[in-house]
Amino acid sequence: MAALAERGLITQSARPTMFGQMLTVTLTRAGRAAARAGLSLQPGPPRQAALSRRAWEVLALLWSADQDGEPLKWRHSPTIERVLIDKHVPPLAEHVGAGYGYEITARGRDFYREHYAAHAAAHPDVDALHPDGADAEPWPQRADDILAEHDTLYRVLCRAWRAAHAAQQQADTEAAASPPAGDDVLPGPVADQIAARHDLWVETARRRAALAAEHTRDLHQRATRAARDFTAAALAASAAAAAGTDPLPALQPPSRDHDEWDEPRLAPPAETGIHVIDARAARLYATAVGLPLKRRGPAPTRRRTSRLPPAAPPVRDPGHELAALARFL
């Protein structure tokens with residue numbers, strides 16, 4: 001990739017997605033010319049679009065209607081009459097009875113398949129179905145939907161865990177509160193009333209802390225399991241993408257109810273051949289599963305320790321290492 005970028009054949013960039021930062025590679029004008037020259041099976045310039053934008057749009061409508069098993073129900077179309085019928089032998093379209101509309105011919109179907117790529121490039125704003133239908137889609141939308149469902153469930157569980165954790169900390173603080181200072185001039189019954197209210201407040205705080213701690217432990221387990229399911233789905237989708245196969249058989253929507261689980265270690269992510277992606281995926285995978293990374297180069301120099309007390313570690317969401325790997329993939 002670096003060699004292609006140095007020669008001005010590609011540009012590298014990145015863009016944010018719902019799963020994290022996605023690295024992108026784009027061919028430049030010189031890169032497209034080099035690709036055409038190296039990959040084209042036909043000598044000479046690329047094939048030009050034979051139809052105008054309007055004619056291609058109408059032919060796409062005829063193709064779409066034919067896929068639905070019915071004619072294009074137009075009473076009269078100058079484009080079909082003058083272009084698709086009169087200017088092509090055999091014609092690309094034909095009448096269906098008197099006033100019943102038009103339909104694409106066998107020659108029109110062959111023309112649509114043969115010239116789809118050239119016309120899709122020349123008229124990208126025309127909504128024309130691919131001749132191979134859903135099989136031509138390199139990545140099914142349902143796969144993205146399933147991954148998004150996993151991510152959403154994990155985020156919701158993390159929000160619930162953070163709320164329970166905050167409630168536990170607040171209740172613990174209230175349970176440890178010291179009794180209010182007494183006043184010598186207060187009558188004994190009044191001082192007893194103040195102490196009784198404090199004891200009740202502390203007791204309810206302890207009960208709230210115990211309940212919140214129980215919820216925190218349960219939500220921590222649920223969020224960690226959701227993060228692992230999310231990562232397993234992302235790894236399966238990544239492996240299918242690397243192999244060029246359909247990812248849907250390996251993807252399952254997230255389950256909101258889990259029993260005790262003990263699953264094998266997650267497999268390493270599939271390599272893409274792009275070093276900057278594979279290297280970061282390997283680091284995230286090693287962090288997520290607790291594996292040491294192979295050290296390269298000399299050992300780091302030993303830094304002088306600070307005399308300041310160590311800062312408290314930040315509170316991280318349960319399974320955040322797994323979720324980071326899943327979103328990167």
Got a sec: does the CG of Asp86 have more than 12 other heavy atoms crowding it under 6.0 Å?
-> yes
Ignoring hydrogens and angles, tell me if any N or O in the side chain of Tyr116 forms a donor-acceptor pair with the backbone of Ala128 under 3.5 Å.
-> yes
Validation row: Asp229, Pro254 side chains within 4.5 angstrom (heavy atoms) = no
Would you call Thr11 and Thr28 a side-chain contact if the rule is heavy atoms closer than 4.5 Å?
-> yes
ring-ring contact (aromatic ring centres under 6.0 Å, His included) involving Tyr102 - partner list, sequence neighbours excluded | His95
Does Ser13 reach the side chain of Thr26, with side-chain heavy atoms less than 4.5 Å apart?
-> no
What residues, two or more places apart in sequence or in another chain, satisfy salt bridge (Lys or Arg N to Asp or Glu O under 4.0 Å) together with Arg142?
-> Glu149
Check: Trp74 and Ile80 side chains under 4.5 Å, non-hydrogen atoms | yes
Check: Ile10 and Met1 side chains under 4.5 Å, non-hydrogen atoms | yes
Could you label the plane-to-plane angle of the His115 and His119 rings as parallel, tilted or perpendicular, counting under 30° as parallel and over 60° as perpendicular?
-> perpendicular
For Trp201, is the NZ or CZ atom of Arg208 found under 6.0 angstrom from the centre of its six-membered ring and inside 45 degrees of the ring axis?
-> yes
If you group Ile, Leu, Val, Met, Phe, Trp and Tyr by side-chain heavy-atom gaps below 4.5 Å, do Phe230 and Leu248 land in one group?
-> no
His88 and Leu51: which non-hydrogen atoms are nearest, and at how many Å?
-> NE2-CD2, 3.7 Å
Would you mind writing out the side-chain donor-acceptor pairs for residues 317-329 within the sub-3.5 Å range, not counting sequence neighbours?
unit_1 : atom_1 : unit_2 : atom_2 : d
Asp317 : OD1    : Arg162 : NH1    : 2.8
Asp317 : OD2    : Arg162 : NH1    : 2.7
His320 : ND1    : Asp317 : O      : 3.1
Arg327 : NE     : Asp151 : OD1    : 3.1
Arg327 : NH2    : Asp151 : OD1    : 3.0

Nearest heavy-atom pair of Pro131 and Arg113: which atoms, and what distance?
-> O-NH1, 3.5 Å
Considering only heavy atoms from C-beta outward, does the side chain of Glu203 approach that of Asp199 to under 4.5 Å?
-> no
Heavy atoms only: give me the nearest Pro71-Val96 pair and the separation to one decimal.
-> CB-CG2, 3.9 Å
Taking all non-hydrogen atoms of both residues, which atom of Tyr154 and which atom of Ala226 are closest, and how far apart?
-> CA-CB, 4.2 Å
From the list His215, Arg222, Gln221, side chain to side chain donor-acceptor pair (under 3.5 Å) partner of Asp218 resolves to Arg222
Taking side chain as C-beta onward, heavy atoms only, is Leu72 less than 4.5 Å from Glu103?
-> no
By salt bridge (Lys or Arg N to Asp or Glu O under 4.0 Å), which residues pair with Glu94, not counting sequence neighbours?
-> none
Heavy-atom closest pair (Cys158 atom, Ala223 atom, distance to 0.1 Å) is SG-CB, 4.3 Å
In the single-linkage hydrophobic clustering (I, L, V, M, F, W, Y; side-chain heavy atoms under 4.5 Å), do Val126 and Phe111 co-cluster?
-> yes
Considering non-hydrogen atoms only, spot the tightest contact between His123 and Ser52 and give its length.
-> NE2-C, 3.6 Å
Would you say Leu219 and Val156 are hydrophobically clustered, going by side-chain heavy atoms of ILVMFWY under 4.5 Å?
-> no
Take atom CD in Glu81; do more than 12 heavy atoms of anything else shown fall under 6.0 Å from it?
-> yes
Point-to-point distance, once rounded to the nearest 0.5 Å, from CD of Gln141 to CG of Asp145 | 4.5 Å
Between CG on residue Leu92 and CD1 on residue Ile85, distance to nearest 0.5 Å | 9.0 Å
Hphob cluster co-occupancy, Trp161 + Leu211, side-chain heavy atoms under 4.5 angstrom = no
For residues 55-69, which side-chain donor-acceptor pairs fall under 3.5 Å, sequence neighbours excluded?
unit_1 : atom_1 : unit_2 : atom_2 : d
Glu57  : OE1    : Arg53  : NH1    : 3.3
Glu57  : OE1    : Arg54  : NH1    : 3.2
Asp66  : OD1    : Arg109 : NH2    : 3.2
Asp66  : OD2    : Arg109 : NE     : 3.0

Go through the steps for Thr224 and Arg228 under the test side-chain contact (heavy atoms from CB on, under 4.5 Å), then give the verdict.
-> CA-CA 6 Å; Thr224 303; Arg228 193 189 190 285; 5.8 Å; no
For Asp110, what residues pass the side chain to side chain contact (heavy atoms under 4.5 Å, CB included) criterion, not counting sequence neighbours?
-> Arg107
